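I have placed the structure first, in the form of structure tokens, so that the comments after it can refer back to it.
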Amino acid sequence: MVQKALKEIKRGVAEIIDEERVTELLKNYYENGENYYIKAGFDPTAPDLHLGHTVLIQKMALMQKYGARVQFVIGDFTGMIGDPTGKNETRKKLDRETVLKNAKTYEEQVFKILDPKKTDIVFNSTWFTEMGSIGLVELTTTFNVARMLEREDFEKRFKSNTPISISEFLYPLLQGYDSVALKSDIELGGTDQTFNLLMGRHLQRAYNVGKEQAVITMPLLEGLDGVNKMSKSLGNYIGITESADDMFGKLMSISDELMWKYYEVLSDKDLEEIKELQKSVDEGSLHPKKAKEMLALEIVERYHDSNKAQKAKVEFDKVHSKKELPSDMNEYALSAPIWIAKALNEIGLESSTSQARRDIKQGAVKIDGQKCQDEQLQLQKGEYILQVGKRKFAKVKVV
RNA sequence: GGUGAGAUACUCAAGCGGCCAACGAGGGCAGACUGUAAAUCUGCUGGUUUUCACCUUCGGAGGUUCGAAUCCUCCUCUCACCA
């Protein structure tokens with residue numbers, strides 16, 4: 001049992017630090033029915049969860065089946081500082097109300113995956129406001145600058161004389177202290193978090209918590225561009241609250257190479273099964289598009305349902321493969337006569353009339369399926385279907 | 001605290017009195033090709049009830065000039081070096 005659980009847990013992870021401890025926890029669960037705590041921290045500023053986050057959350061959901069209780073930490077205190085991982089800009093301060101609102105949004109999204117009965121949502125300001133400045137200074141004595149500079153990005157910045165603020169040094173300490181306050185058994189995070197996660201171990205020792213958390217890191221999911229990690233600010237993400245059609249479409253647009261990575265970290269299929277698929281594609285017996293469709297269906301199903309997923313697929317084929325019109329389009333009413341460029345701008349298909357003119361010149365604009373050649377065209381009374389590029393459609397009634 | 005350098009469109013980055021709505025690269029959008037892929041090639045990438053025209057943009061505020069992103073003054077902010 002333990003081995004089977006461990007095997008499933010290990011799937012797709014980047015690294016497990018202290019695997020023995022994980023084994024022990026599982027054993028204890030199966031033999032004595034004791035639960036254990038897994039922790040993961042989330043930034044209170046970005047409540048829009050995307051598939052990149054789900055890699056982590058799914059892993060936690062899986063572990064909930066094997067006796068884990070999830071400590072879902074909302075970093076409302078640490079959020080004020082901003083994680084220096086990567087090149088973040090200074091954060092805006094968030095007021096209490098916004099934080100709570102964001103937390104609510106998290107809950108709604110996260111319980112699509114996690115089991116609410118086995119999840120505790122906690123705010124780290126709870127213990128940090130209690131800690132006080134003396135406590136904070138004590139916290140800083142547990143670590144030294146040289147070790148802090150071992151962190152790769154700090155080291156780089158230090159060597160290149162890029163400023164590092166003291167508060168940035170505080171961040172890993174604070175995040176690590178969460179594990180002390182919560183007495184976590186395991187902490188999960190992305191590979192870029194490794195240093196911060198290990199800090200939890202260090203601090204648990206320093207504060208004599210009586211245990212040291214194991215660390216599980218998950219690979220970072222590349223975004224739709226296949227290069228950068230999935231993030232909201234880069235706009236290369238698939239949000240879990242997006243409509244079935246959008247989700248399906250976005251998944252279909254990833255490159256074939258990226259598809260296999262997505263399979264590995266996002267799909268519930270066995271690794272062997274995925275290998276089989278990949279083999280059939282390589283041999284040519286399975287069209288890569290088919291393989292991608294299966295992936296897209298699986299994921300859309302997870303966040304919607306199989307019915308909607310099927311519909312999204314049918315719709316997708318209709319619009320893109322057969323080049324037919326989508327079944328629902330936004331409808332607009334305009335008064336006649338109206339200049340075509342103006343109309344496109346008004347209904348939001350184009351950002352300006354100048355842009356509309358450019359697109360018309362390039363042949364990107366279609367009216368009722370016919371390329372629009374005349375940028376001066378006036379739309380007279382009647383109903384038209386306007387299209388810009390391959391994906392933007394609208395129905396317009398001119399009266 | 002002292003000295004020097006810089007601030008240009010989504011990002012990086014040219015331009016240093018008229019030829020500048022501003023080179024180039026990345027990104028984005030569109031077209032061709034396709035599997036709405038990827039790769040590749042091509043075009044576009046301030047705005048305007050209408051474009052061989054007009055209007056607004058080069059950190060901010062003034063000034064010089066027929067004319068300024070370019071010169072001068074002050075301010076704000078960044079960065080580097082020294083202390």
Side-chain angles (χ1 to χ4, degrees), chain A residues 86-90 157-165 222-229 231-238 243-263 277-278 280-282 284-297 300 312-327 334-366 370-380 386-393 398:
Chain A
K87 43 171 180 181
N88 278 343
E89 286 162 33
T90 319
R157 283 163 66 186
F158 187 68
K159 278 190 179 156
S160 65
N161 288 320
T162 314
I164 303 170
S165 127
E222 286 98 334
L224 299 173
D225 52 19
V227 181
N228 297 104
K229 76 168 183 174
S231 87
K232 202 185 168 191
S233 50
L234 292 171
N236 60 357
Y237 71 104
I238 303 176
S243 74
D245 286 343
D246 284 345
M247 236 187 217
F248 194 90
K250 282 188 180 180
L251 282 164
M252 289 304 285
S253 79
I254 63 173
S255 71
D256 290 354
E257 200 192 333
L258 190 61
M259 160 171 78
W260 300 115
K261 289 187 187 164
Y262 275 36
Y263 254 120
L277 277 177
Q278 195 162 7
S280 346
V281 168
D282 288 344
S285 59
L286 180 71
H287 196 292
K289 193 191 166 200
K290 273 268 172 270
K292 212 181 286 175
E293 257 171 25
M294 284 162 62
L295 174 72
L297 278 174
V300 174
K313 178 186 173 304
V314 170
E315 186 71 14
F316 181 84
D317 280 344
K318 194 172 152 190
V319 178
H320 300 293
S321 306
K322 296 181 195 147
K323 308 252 184 223
E324 285 171 23
L325 294 168
S327 38
L334 297 166
S335 45
I338 185 159
W339 177 34
I340 176 70
K342 184 73 188 162
L344 289 169
N345 173 232
E346 215 138 272
I347 61 181
L349 252 43
E350 293 282 16
S351 56
S352 69
T353 54
S354 299
Q355 184 61 44
R357 296 167 66 99
R358 279 183 220 116
D359 281 340
I360 293 167
K361 258 181 221 159
Q362 293 191 117
V365 173
K366 283 184 191 158
Q370 296 291 311
K371 249 183 208 167
C372 171
Q373 309 276 3
D374 177 13
E375 60 181 71
Q376 308 280 342
L377 185 79
Q378 294 288 335
L379 288 178
Q380 301 303 329
L386 303 182
Q387 182 183 356
V388 178
K390 288 178 190 122
R391 301 180 64 169
K392 287 184 279 187
F393 297 90
V398 181

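Remember, predicted model here, so these are calculated numbers, not experimental data. What you see below is based on every heavy atom in this structure, not just the backbone, and it leaves out hydrogens, waters and symmetry mates. Lettering of chains follows the sequences in order, A, B, ..., and the numbering in each one begins at 1.
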Stepwise side-chain contact (heavy atoms from CB on, under 4.5 Å) test for A/Leu297 and A/Lys313: CA-CA 7 Å; A/Leu297 278 174; A/Lys313 178 186 173 304; 4.0 Å; yes
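- Nucleotides B/rA25 and B/rG35 place their C1' atoms 31 Å apart, quoted to the nearest Å.
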side-chain contact (heavy atoms from CB on, under 4.5 Å) between A/Phe393 and A/Val319, worked out: CA-CA 10 Å; A/Phe393 297 90; A/Val319 178; 3.8 Å; yes
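- Considering all non-hydrogen atoms of both residues, A/Val388 and A/Glu350 come closest at CG1-OE2, 3.4 Å.
- A/Glu346 places its CD atom 14 Å from the C1' atom of B/rU48, with the value rounded to the nearest Å.
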side-chain contact (heavy atoms from CB on, under 4.5 Å) assessment of A/Ile360 paired with A/Gln373: CA-CA 7 Å; A/Ile360 293 167; A/Gln373 309 276 3; over 6 Å; no
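- Here the P atom of nucleotide B/rA39 and the CG atom of A/Asp256 are 11 Å apart, to the nearest Å.
- Between A/Glu257 atom CD and B/rA39 atom C1' there is a gap of 11 Å when expressed in whole angstrom units.
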Watson-Crick or G-U pairs under 3.5 Å in RNA chain B, rendered as dot-bracket with [ ] for crossing pairs and | for another strand: ((((((((.[[[..)..(.....]]]((((((.......))))))(((....)))...[[[[[..)....]]]]]))))))).
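- In this structure, A/Arg357 does not reach the B/rA30 phosphate: none of its side-chain N or O atoms is under 4.0 Å from OP1 or OP2.
- For the C1' atom pair drawn from B/rC71 and B/rC58, the interatomic distance equals 16 Å after rounding to whole Å.
- B/rG67 sits 40 Å from B/rG2 when the C1' atoms are compared, rounded to a whole Å.
- Between A/Ser354 and B/rG46 there is no side-chain N or O to OP1 or OP2 distance below 4.0 Å.
- A straight line from NZ of A/Lys290 to P of B/rG35 spans 13 Å, rounded to a whole angstrom.
- Across the protein-nucleic acid pair, A/Ile340 atom CD1 and B/rU51 atom P stand 17 Å apart, rounded to whole Å.
- Dashed line: the shortest gap from a side-chain N or O of A/Thr353 to OP1 or OP2 of B/rG47 is not under 4.0 Å.
- B/rU73 sits 16 Å from B/rU3 when the P atoms are compared, rounded to a whole Å.
- In this structure, the salt bridge (charged side-chain N to carboxylate O under 4.0 Å, His left out) partners of A/Lys250, at least two apart in sequence or on a different chain, are A/Glu242.
- Because its glycosidic torsion is more than 90° from 0, B/rU73 is reported here as anti.
- In this structure, the CZ atom of A/Arg358 is 17 Å from the C1' atom of B/rU42, given to the nearest Å.
- A/Ala341 and A/Arg357 get closest at one heavy-atom pair: CB-CG, 4.3 Å.
- Distance alone, capped at 3.5 Å, is enough to place a donor-acceptor pair between the A/Gln387 side chain and the A/Gly389 backbone.
- Looking at heavy-atom distances under 4.0 Å, A/Ile338 makes no contact with the nucleic acid at all.
- Under a 4.0 Å N-O distance rule, the pair A/Lys289/A/Asp317 qualifies as a salt bridge.
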A/Trp339/A/Leu379 under side-chain contact (heavy atoms from CB on, under 4.5 Å): CA gap, chis, key distance, verdict: CA-CA 6 Å; A/Trp339 177 34; A/Leu379 288 178; over 6 Å; no
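- The side chain of A/Ala364 has B/rG31 as its nearest neighbour among B/rG35, B/rG31, B/rG47.
- Whole-Å rounding puts the A/Glu350 CD to B/rG47 C1' distance at 14 Å.
- We find that OH of A/Tyr262 is positioned 13 Å from P of B/rA38, with the value rounded to whole Å.
- The pair A/Glu222-A/Lys229 fails the salt-bridge criterion, with no side-chain N (NZ, NE, NH1 or NH2) lying under 4.0 Å from an Asp/Glu carboxylate O.
- Comparing B/rC23 with B/rA14, their C1' atoms sit 6 Å apart, to the nearest whole Å.
- Nucleotides of RNA chain B nearest to A/Lys371 and A/Met252 differ in position, and the one nearer the 5' end is that of A/Lys371.
- Comparing the P positions of B/rG24 and B/rU56 gives an interatomic distance of 26 Å, to the nearest angstrom.
- More than 12 heavy atoms of other residues, nucleotides or ligands shown are found within 6.0 angstrom of NZ on A/Lys318.
- Proximity note for A/Lys390 (side chain, C-beta onward) versus B/rG35, B/rG47, B/rG31: the nearest is B/rG31.
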For nucleotides 24-29 of chain B, give me every protein contact, N/O to N/O, under 3.5 Å, one pair per line with atom names.
none

